[in-house]
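Contents: one structure, followed by commentary.
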Amino acid sequence: MTNVLGRFDFDVIAKWIKPGEKVLDLGCGDGSLLRYLRDEKGVLGYGVDNDADNVLACIRNGVNVIQINLEAGLCGFEDGFFDHVVMSLSLQTVRHTEQLLAEMLRVGREAVVSFPNFGQRSHREAIAQGRMPVSKTLPYQWYNSPNVRFFTMADFEALCAGRGIVLRERLGFDGEATVTEDLNLNASIAVYRLGRAA
Amino acid sequence: MDEANNSVGEVAPQRAHFDTPITLAGGVVLPAFDLVYETYGELNAARSNAVLVCHALSGNHHVAGRHADNPNNIGWWDNLVGPGKPLDTRKFFVVGVNNLGGCYGSTGPVSANPATGKPWGADFPVVIVEDWVATQARLADRLGIEAWAAVVGGSLGGMQAVQWTLEYPERIRHALVIAAAPKLTAQNIAFNEVARQAILTDPDFHGGHYHEHGVVPARGLRLARMLGHITYLSDDQMAEKFGRKLRQRALNFGYDVDFEIESYLRYQGDKFAGYFDANTYLITTKALDYFDPARDYDGNLAAALARARAGFLVVSFSTDWRFAPERSREIVYGLVHNGLPVSYAEIESMAGHDSFLLDDPHYHAVLRAYFEGIKT
């Protein structure tokens with residue numbers, strides 16, 4: 001799913017990552033983000049994906065990739081090994097959202113997540129008219145969507161507040177434009193930098 | 001060269017003699033030894049394109065192509081190695097070697113013991129993975145290979161690839177570790193012990209000096225191989241391949257073959273007992289049992305792997321219960337925690353442990369992609 005946003009998503013994430021950091025990219029697709037981070041920031045990166053074609057694409061891209069099922073957690077990774085654990089536009093595709101967030105912040109000092117914001121205006125309007133939203137960021141029909149969790153920025157922030165997850169930074173986007181007012185209403189994509197409560 | 005079917009074509013084994021004594025891990029000093037090997041492709045001027053293929057329990061140096069005197073004797077990993085194949089001999093210089101203690105021409109239990117002039121038999125020392133790697137390094141010296149572009153192996157061969165990265169970190173740039181494990185489980189060792197007991201208790205074993213009696217412990221070897229074959233296949237694949245199919249139309253209410261699976265195992269056992277050496281089998285299973293690079297690090301695999309400098313590709317197969325995917329993942333996590341480059345692919349396959357020898361398209365695409373990324 002990384003390519004929905006293309007380089008623009010990478011630029012945002014790359015700003016939060018310092019040169020030489022250790023980065024784990026969950027749902028890494030063809031490894032484009034990690035390749036970008038390696039080339040631009042000299043990052044030591046590992047991707048995780050459970051799709052055979054994506055694993056092959058990463059190897060072709062010369063990106064480290066580990067084929068495991070995220071639903072099984074990150075139990076093989078040591079506490080705090082990574083500086084950043086990234087999950088770009090995939091959080092809504094896993095069932096065990098709560099556990100996975102906890103795992104991301106166990107193995108990483110910080111987590112960076114982005115997801116399509118279900119609360120964006122056009123999505124709310126679709127629901128008001130009695131239909132599930134279909135948009136550029138939620139391009140699927142209800143019956144063929146890979147997404148299994150549907151949540152708004154407000155929902156996500158409530159979960160974080162209840163689980164000791166600190167919002168270090170958040171950005172909202174509509175297309176490639178940065179949203180500054182009422183993010184939950186205007187942003188179609190949310191990007192968060194998360195940490196553990198001290 | 002036989003470009004039409006991407007075969008390396010006709011190949012001939014070579015022999016290297018080494019007369020600098022080597023002290024084996026078990027303490028025995030071998031004053032001299034021979035290794036039999038084959039090569040495919042050309043070593044480039046920079047000597048930077050050499051790939052070593054390590055064999056597993058019953059393999060040997062004949063990795064690819066065919067022998068002139070026996071055109072049906074195709075190399076055991078011929079589907080991987082050749083011009084245009086995943087391990088492309090137009091790019092790489094590929095070396096296959098029969099390990100020390102083997103029975104295909106390298107010094108081993110069937111060779112003459114210089115002290116007696118008779119075959120070593122059971123007096124041949126137990127050799128382990130470290131010894132194989134050390135002797136393979138002597139061969140690399142002889143061939144003028146300072147560092148391997150890659151060392152690749154499946155099963156026990158994968159263990160040798162791992163050992164290379166630890167014993168000679170500066171002499172290996174990539175390791176392809178396929179259907180392997182960082183050490184055997186109690187269950188693995190148990191299977192090996194049953195196989196050994198089958199051989200050791202065969203009345204024709206004669207304490208390992210069966211050659212002097214003009215016999216071989218064929219029954220033991222046959223049982224060992226039958227047991228092995230059960231563990232190399234998956235339950236599902238056995239069900240699909242044989243199910244409960246009968247050899248004849250009716251049950252025979254006796255102890256001759258009723259089911260196809262019995263016939264298959266007997267055939268495989270007989271075939272193996274006809275060409276493989278029982279002492280080599282014993283040695284090789286011990287090498288498997290003893291392999292455990294983390295042993296000197298309180299079982300901490302990551303600490304053991306800290307010496308490695310290579311890039312890794314680790315591959316496992318979904319239905320391999322002999323060396324299950326979890327075991328490969330242990331290696332992967334150990335490498336990640338050392339910040340080493342590693343990719344890991346878990347291939348969907350019905351064929352169990354034997355999958356590593358097959359040419360599943362995705363599996364071969366993964367290997368091809370990795371080999372293509374190796375700079376020479």
Side-chain angles (χ1 to χ4, degrees), chain A residues 19-26 28-32 34-35 37-39 41-86 103-104 106-109, chain B residues 86 150 173-178 182 300-303 305-306 308-318 320 324-349 355 360-375:
Chain A
E21 282 194 356
K22 297 193 197 92
V23 175
L24 186 67
D25 182 9
L26 306 180
C28 64
D30 66 1
S32 303
L34 285 173
R35 191 157 81 158
L37 292 174
R38 182 193 64 198
D39 295 346
K41 299 257 179 173
V43 154
L44 173 62
Y46 297 90
V48 169
D49 212 293
N50 200 28
D51 178 86
D53 291 333
N54 283 341
V55 169
L56 179 57
C58 285
I59 294 172
R60 287 192 176 132
N61 267 329
V63 167
N64 299 319
V65 62
I66 298 164
Q67 186 173 2
I68 50 172
N69 181 1
L70 282 179
E71 298 285 7
L74 303 174
C75 56
F77 296 102
E78 283 171 7
D79 292 2
F81 181 76
F82 294 98
D83 297 295
H84 280 101
V85 181
V86 178
E103 277 287 88
M104 290 172 76
R106 177 183 68 78
V107 304
R109 188 169 49 79
Chain B
R173 292 192 284 119
H174 294 272
L176 289 88
V177 181
I178 303 167
N300 183 339
L301 183 61
L305 294 173
R309 294 291 172 270
F312 286 77
L313 176 68
V314 180
V315 178
S316 73
F317 298 91
S318 57
D320 183 354
E326 298 93 282
R327 316 306 319 288
S328 283
R329 269 183 245 130
E330 291 172 30
I331 299 173
V332 171
Y333 292 126
L335 295 168
V336 168
H337 292 133
N338 281 296
L340 288 162
V342 53
S343 281
Y344 169 62
E346 195 170 307
I347 312 290
E348 282 293 328
S349 165
S355 301
D360 172 85
H362 176 62
Y363 165 47
H364 269 200
V366 164
L367 295 184
R368 181 185 292 277
Y370 193 84
F371 276 121
E372 281 176 356
I374 295 177
K375 295 188 180 70

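Small disclaimer: the values here were computed from a predicted structure and weren't measured. Letters go in sequence order (proteins before strands), and every chain restarts at 1.
No part of L24(A) comes within reach of chain B, as not one of its non-hydrogen atoms sits under 4.5 angstrom from that chain. For E372(B), no part lies under 4.5 angstrom from a heavy atom of chain A. In this structure, chain A has a heavy atom under 4.5 Å from the side chain of H362(B), while its backbone stays farther away. Only the side chain of F81(A) comes within contact range of chain B, judged by heavy atoms closer than 4.5 Å. Contacts of L44(A) with chain B are made by side-chain atoms alone, with heavy-atom separations under 4.5 Å and no backbone atom involved.
Other residues, nucleotides and ligands contribute over 12 non-hydrogen atoms within 6.0 Å of the CD atom of E71(A).
Taking SG of C58(A) as the reference point, atom OH of Y344(B) lies at 15.0 Å (rounded to 0.5 Å). Expressed to the nearest 0.5 Å, how far CG of N64(A) lies from CZ of F312(B) amounts to 12.0 Å.
Interface remark: of the candidates S316(B), S343(B), P325(B), G339(B), S343(B) forms the most heavy-atom pairs closer than 4.5 Å to chain A. Of the listed residues (I347(B), V336(B), V332(B), L313(B)), the one with the most heavy-atom contacts under 4.5 Å to chain A is V336(B). Chain A forms more heavy-atom pairs under 4.5 Å with one residue of A302(B), G311(B), A369(B) than with any other, namely A369(B).
The shortest non-hydrogen separation linking R60(A) to A365(B) is NH2-CB, 4.4 Å. Heavy-atom minimum distance, Q67(A) versus E346(B): OE1-N, 2.8 Å.
At a heavy-atom cut-off of under 4.5 Å, chain B is reached by Y46(A), A52(A), V55(A) from residues 46-55 of chain A, listed in order of number.
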